Amino acid sequence: MLGHHYTRSFLETAVAAVNAGCNLELSYGMRNNVFMHIVQALAAGNITLEVSPDGDVGCSQPSAPELLLYFLQMLRARVRPLFYTRLRLGEFDPPAMNPYSALGLRDVQSPAHQALALEAAIKSFVLLKNERDTLPLWDLGDRRIAVSAGHEASKRGPPLHAQPLSASQIVGPFADNPRVLFGDYAPIPEPQYIYTPRRGLEMLAANVSFVAGCKEPRCQDYVPAEVEAAVQGADVVVVCLGTGIDLETEAKDREDLSLPGHQLQLLQDATR
């Protein structure tokens, strides 16, 4: 609220938030914690509280005891749902009653969890259009697939277990860049568990080719000639485009929804 100039201080923000029913703060730490100023608000004695529908003390000039009692009652009402939720989550149960207490490092990236993650990824894909029943791809055989990706992708070789390829080229900023595949607030993944579009397609019995086109999602330095050469004669062209955390995250909005830089031209060159 300070950033939007709705309030002028942490103290004002604390009072406004509590009065509005907000009972949880995502802060930058204890030193910059708005709700820690509630104690100061209680001690000030000159804050204004809104009149409640049932006629409780809410006038602009309550007495000090009335103000203290009203504010304490309000704080208890705000805190109660938080502790009720924590209670339902089992935070106050003995460890023996909490099934999550038995989890350890052996459960991290276990085969069962990897299989569940794969299932979740498959079920979360959204297919917006499938003209002429292009997907799914069957019987690739010796067909040549051109994958459009980018960002430093040309510096990485194919995975060791990939099928032997007679031509190794692919196209676009998201086809072989593990870093841009994860959004804002994502954990730091282990490389061995990351399958980029290029890595996944190279596991098929098909002739997959790749070039970067542009080396980063902003796609300012675009080389159309290498894209056109890579897709020439391809049976299937896969183009992977987007934005990623380099261009949009929390507090980093874009002015429009257009593909950044020369990505649209890359798409047109790869599919013409």
Side-chain angles (χ1 to χ4, degrees), residues 99-100 103-154 156-165 168-213 216-217 230-231 234-250 257 259-260 263-264 266-267 270-271:
Y100 297 103
L103 297 178
L105 290 178
R106 68 182 184 278
D107 300 297
V108 178
Q109 296 289 3
S110 65
H113 291 169
Q114 291 183 51
L116 182 61
L118 176 61
E119 179 184 356
I122 292 174
K123 290 182 177 180
S124 63
F125 281 123
V126 178
L127 181 61
L128 298 180
K129 185 181 292 186
N130 190 20
E131 293 184 352
R132 297 190 297 274
D133 295 325
T134 304
L135 298 175
L137 300 175
W138 299 104
D139 300 326
L140 293 175
D142 294 329
R143 290 187 180 184
R144 181 170 176 269
I145 300 179
V147 181
S148 175
H151 192 74
E152 304 296 332
S154 58
R156 296 180 59 236
L160 297 178
H161 61 278
Q163 298 288 340
L165 304 174
S168 180
Q169 301 172 343
I170 305 181
V171 195
F174 280 77
D176 198 40
N177 180 7
R179 187 181 65 83
V180 299
L181 297 181
F182 297 87
D184 203 8
Y185 291 99
I188 300 175
E190 294 190 33
Q192 61 177 318
Y193 299 117
I194 302 175
Y195 281 80
T196 63
R198 177 189 182 184
R199 181 180 179 186
L201 288 171
E202 284 179 338
M203 297 177 66
L204 303 176
N207 183 3
V208 181
S209 62
F210 169 79
V211 295
E216 37 77 34
V231 301
D235 298 294
V236 179
V237 177
V238 179
V239 185
C240 304
L241 306 173
T243 55
I245 58 176
D246 292 341
L247 294 172
E248 53 183 347
T249 61
E250 181 183 2
L257 298 178
L259 287 170
Q263 285 195 31
L264 178 59
L266 189 156
L267 173 63
T271 57

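Just the heavy atoms: all of them, side chains too, but no hydrogens, waters or symmetry mates, feed the values below. None of these values were measured; they are calculated from a predicted model.
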Exercise. What is the distance from atom CD1 of I245 to atom CG of D184, rounded to the nearest 0.5 Å?
Worked result: 7.0 Å
Problem set entry | Closest non-hydrogen atom pair between V180 and P217, with its separation | CG1-CG, 3.8 Å
Seminar exercise, completed: P178 and F182 have their tightest heavy-atom pair at O-CD1, 3.2 Å
For this session: Check the surroundings of atom CG in L127: do more than 12 heavy atoms from other residues, nucleotides or ligands lie under 6.0 Å from it?
Result: yes
Exercise. Looking only at heavy atoms, which two atoms of Q114 and Q109 are closest? And how far apart?
Worked result: NE2-O, 2.8 Å
For this session: Would you give the length of the straight line joining atom CZ of R179 to atom CD1 of I194, rounded to the nearest 0.5 angstrom?
Result: 11.5 Å
Exercise. What is the distance from atom OG1 of T243 to atom CD of Q263, rounded to the nearest 0.5 Å?
Worked result: 8.0 Å
For this session: Identify, with sequence neighbours excluded, every residue that meets salt bridge (charged side-chain N to carboxylate O under 4.0 Å, His left out) alongside E190.
Result: none
Seminar exercise, completed: Rounded to the nearest 0.5 Å, the CG atom of L181 sits from the CZ atom of F174 at a distance of 7.5 Å
Problem set entry | Enclosure of Y193 OH (heavy-atom neighbours >12, cutoff 6.0 Å) | yes
Exercise. For the atom pair CZ (R199) and CE (M203), what is the distance rounded to the nearest 0.5 Å?
Worked result: 7.5 Å
Exercise. Do you know which two heavy atoms are closest between G213 and L266, and how far apart they sit?
Worked result: CA-CD1, 4.2 Å
Exercise. Has L103 got more than 12 heavy atoms of other residues, nucleotides or ligands less than 6.0 Å from its CG?
Worked result: yes
Problem set entry | Rounded distance [0.5 Å steps], OH in Y195 versus CG in L201 | 13.0 Å
Exercise. Of all heavy-atom pairs between V239 and A270, which one has the smallest distance, and what is that distance?
Worked result: CG2-CB, 3.9 Å
